[in-house]
2 protein chains.
Amino acid sequence: MAGLTIKDIARICDVSISTVSRAINNDPGINARTRERVLQVVKEFNYIPNNSARNLKMAESNTIVLLVKGINNPFFQSMFPYFQAGLEKEGYQYLLHTIDEDADEAYAAEEITKEKRLKGIIFLGGILDYPEVVLENIQVPAVLCSVAVASPVLDKAEPRISMVSIDDEAEAYKAVSYFCRKGHRRIAIIAGRKGDYTVGSRRLAGYRRALQDYGIPFDPELVGYQKEDLPEYSEANGYAAAMELLKSGRRFTAFFVISDRMAMGVYKAIYDTGKKIPEDYSVIGFDGIEAVRYMYPALTTMIQPARKMAQSSIDLLMDQINGDTRKKHVMYEAELHERDSVRTIEDKE
Amino acid sequence: MAGLTIKDIARICDVSISTVSRAINNDPGINARTRERVLQVVKEFNYIPNNSARNLKMAESNTIVLLVKGINNPFFQSMFPYFQAGLEKEGYQYLLHTIDEDADEAYAAEEITKEKRLKGIIFLGGILDYPEVVLENIQVPAVLCSVAVASPVLDKAEPRISMVSIDDEAEAYKAVSYFCRKGHRRIAIIAGRKGDYTVGSRRLAGYRRALQDYGIPFDPELVGYQKEDLPEYSEANGYAAAMELLKSGRRFTAFFVISDRMAMGVYKAIYDTGKKIPEDYSVIGFDGIEAVRYMYPALTTMIQPARKMAQSSIDLLMDQINGDTRKKHVMYEAELHERDSVRTIEDKE
DNA sequence: CTGAAAGCGCTTACAG
DNA sequence: CTGAAAGCGCTTACAG
């Protein structure tokens, strides 16, 4: 019922199914006229080959999957077009495969690898506790992009997996140092969830190190953790965490917010308490998503080089596909984009 | 090389492959102890069945795909969690399949239907010029959600396809009428691209009808079309179109913007020209995405009932799966959410 | 309850 | 250049 098979086309054309297969796969060893005739029928009857059968039989396909955990993350979303264009330029088919926030990326990767005969796979987002064993299992060229991994794998000299990332600790350090240089000394942070051991904790660590280097004591009361019951890194979570800080009575002049979406929530919290940006509170975000350029005032934020990160991921994957077995770790720097949400505090204040 | 097959597991367990298959598929006709033993080995060796083989053989799977055109559309994004939760609640596997802006949704649908033995498919976004023939071809329960279709299919009495939508013309009419009741008479619109014959043109039509009903002459100079060279419905496009209007020297007091993301761009254009919202310009958006609640001032917008639309799509699909062949068309109303971006113009002004 | 066998729709050596 | 045949890894009647 589900439609025509290669057999039907063969019968109609009065050739063997081998010939039909060769025609649709552009096999060089086929008479041009025969190919035309078959293709004509294929078109006319709107025949579409069954990919499952194809995947089952073929030694290898031409597709690369981008396995995304966190489809709602606008920073990841901003990378999709780059991945797509880049992979297409290399001549590969590109398949976006999304998994739930609570799904197991390792299992998902193995599953899809078995189903399709992938040329390669790029992990975007998520956490991999034992990346080497996962990559070992899937037996397919792979690279991790913005994936949180356990640190042992990150041996600089001899990385055991290919990955591209930023140094979350260092970038958070930059942002907070900037605040310090602008004269801020009471700086709040909207961090990860309590107990987070990935990106959130690394950015928090950078925050603490910056404070220390500038001789500012760390005040646990100035740390706003994301709520468990609100979506992670969402506007709502930024709003809730900021509101709590704002209402705590603690004095501070700046918010370092570890995601741009949360920064949008922070803006609203500030406005809702009748305060102004940057006069009363300065704000720095993280990610560099498109939307925050349009906030009022435009958000100063740490921009992750989305395009470069996507391109590097593709490059590292191509290296592997082309037989270069050396794994590489590309670490990018984020860039503080100064816009209008941070003010300078003069000494006399 | 790609890992264990069912044969390997059979050999290890010293049973036939039939038995392994029954164990992993929870077939009732199998000895409980045998099943345990097999499952134990499956787990230990981390065996994952090949889905292609499974799809090829099985009469029918348990999966439903959500075929999305426009992965970057935040309104669609906001529906993902509802689709996921709803479909899971019904006991189905849910697969998000995304296609490019310039891909052919009809072809994609046929392709995936052949590959997997789908229980059903939901189209989200995109355009279907001949929906009946497409749905006829795929031979699988299907519903269209927010898909632009040619009107003939929309016979109210006897719809030939199942779909859920809003009435774009009527909703735009509502928004613009609201402006009129608030005393605005010079109202600009940020519309679709020139030549758009789908959502954009319908909302523009609603705009024109509202003006007419309120005795306001239509002024083509107040229509800002989206630029061809900027992403559709993006902040950047809203910014560019609004800026052009703002600099044209035309007098007007309000912007009806047919997408929230564009409204974000409009905000910035207004601010960049040194004007205020809503004092100088009032703004109404369309969609009801999360982010615009956090704009300053909070955007008044037409909220599409994302949750209900997702749920209805699921319900219509379930009806078909359960054998009800009657097609239905569910039309929802959007709701104007009054926030802070529209001011009242007094008579004397 | 279990196994041997057929077959899903393709691709790809192998002969001719 | 073309066809007959094997086989990818499963599921599922059919026997026993």
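Letters go in sequence order (proteins before strands), and every chain restarts at 1. Just so you know, these numbers use all the heavy atoms, side chains as well, and skip hydrogens, waters and symmetry mates.
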Q. With sugar-phosphate meaning primed atoms plus P, OP1 and OP2, does N51(A) contact a base, only sugar-phosphate, or nothing at under 4.0 Å between heavy atoms?
A. nothing
Notebook entry, point to check: Which part of the nucleic acid does D27(A) contact within heavy-atom distance under 4.0 Å: base, sugar-phosphate only, or nothing?
Noted result: nothing
For E232(A), the side chain to side chain donor-acceptor pair (under 3.5 Å) test, sequence neighbours excluded, returns none
Without decimals, in angstroms, what is the distance between [X] [atom1] and [N] [atom2]?
| X | N | atom1 | atom2 | answer |
| --- | --- | --- | --- | --- |
| R11(B) | dG9(D) | CZ | P | 12 Å |
| K116(B) | dG9(C) | NZ | C1' | 16 Å |
| R33(B) | dC1(C) | CZ | C1' | 13 Å |
| I48(B) | dG9(D) | CD1 | P | 15 Å |
| D8(A) | dC10(C) | CG | C1' | 13 Å |
| I24(B) | dC10(D) | CD1 | C1' | 8 Å |

Base-paired stretches in DNA chain D with three or more consecutive Watson-Crick or G-U pairs, both distances under 3.5 Å, amount to C:1-3 with D:14-16, C:5-12 with D:5-12, C:14-16 with D:1-3
Between the NZ atom in K69(B) and the CG atom in L128(B), the distance rounded to the nearest 0.5 Å is 9.0 Å
* Strictly by modelled atom types, are Q320(A) and T325(A) linked by a side-chain donor-acceptor pair under 3.5 Å? -> no
Would you say Q93(B) and E88(B) are linked by a side-chain donor-acceptor pair, where the criterion is simply a distance under 3.5 Å?
no
Just N and O in the side chain of [X]: are any of them under 4.0 Å from OP1 or OP2 of [N]?
| X | N | answer |
| --- | --- | --- |
| N55(A) | dC10(C) | no |
| S21(A) | dC10(C) | no |
| Y47(A) | dC10(C) | yes |

- Message: Run the side chain to side chain contact (heavy atoms under 4.5 Å, CB included) test on Y332(B) and K308(B) for me, step by step, so that the C-alpha distance in whole Å, both residues' side-chain angles and the decisive distance to 0.1 Å come before the verdict.
- Response: CA-CA 8 Å; Y332(B) 277 103; K308(B) 284 186 195 161; 3.7 Å; yes
Check: Just wondering, do L87(B) and I314(B) contact through their side chains at under 4.5 Å, heavy atoms?
Finding: yes
Exercise for the section: Kindly check if the number of other-residue, nucleotide or ligand heavy atoms within 6.0 Å of CZ (R307(B)) is above 12? Expected result: no
Take atom CG in N322(A); do more than 12 heavy atoms of anything else shown fall under 6.0 Å from it? yes
- Please check if the side chain of D8(A) supplies one atom and the backbone of L4(A) the other of a donor-acceptor pair under 3.5 Å. no
Heavy-atom contacts, protein to nucleotides 2-8 of chain D, under 4.0 Å, summarised as B (base), S (sugar-phosphate only) or - (none) per nt, yield BBBB-BB
